[in-house]
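All remarks here apply to the structure that follows.
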Amino acid sequence: MFGKNLRRLRLAKGLTQAKVAELADINRRYYQEVEASRKNPTIGVASRLRKALKCEWTELLKGL
């Protein structure tokens, strides 16, 4: 669900995976794995992703 939320928020803001990864200061490939729900981010990475997407925790964690 976290990955689906990431994708939904990213697309709603018109950002590419590479741009979100850059804004969050994480590896693009790692971001792709998180968005595809193949990897779970640490709380630190989740926090950076939330800031990069300029969203609330409730939006990012919806359904979890």
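For this chain, numbers begin at 1 and follow the sequence in order.
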(message) The criterion is salt bridge (charged side-chain N to carboxylate O under 4.0 Å, His left out); which residues satisfy it with K13, sequence neighbours excluded?
(response) none

(message) Return the CG to CG distance between L9 and L15, rounded to the nearest 0.5 Å.
(response) 10.0 Å

Would you list the atom pairs, donor with acceptor, under 3.5 Å between side chains in residues 25-33 and any protein atom, with sequence neighbours excluded?
residue, atom, partner, partner atom, Å
N27, OD1, R29, N, 2.7
N27, OD1, Y30, N, 3.2
R28, NH1, Q32, OE1, 3.4
R29, NH1, Q32, OE1, 3.1
R29, NH2, E33, OE2, 3.0
Y31, OH, E35, OE1, 2.6
Q32, NE2, Q17, OE1, 3.2
E33, OE1, R38, NE, 3.2

Could you list the donor-acceptor pairs under 3.5 angstrom formed by side chains in residues 49-62, with sequence neighbours left out?
residue, atom, partner, partner atom, Å
R50, NH1, C55, O, 3.2
E59, OE1, E56, N, 2.8

(request) Compare all side-chain heavy atoms of S37 with those of F2 and state whether any distance is below 4.5 angstrom. (result) no

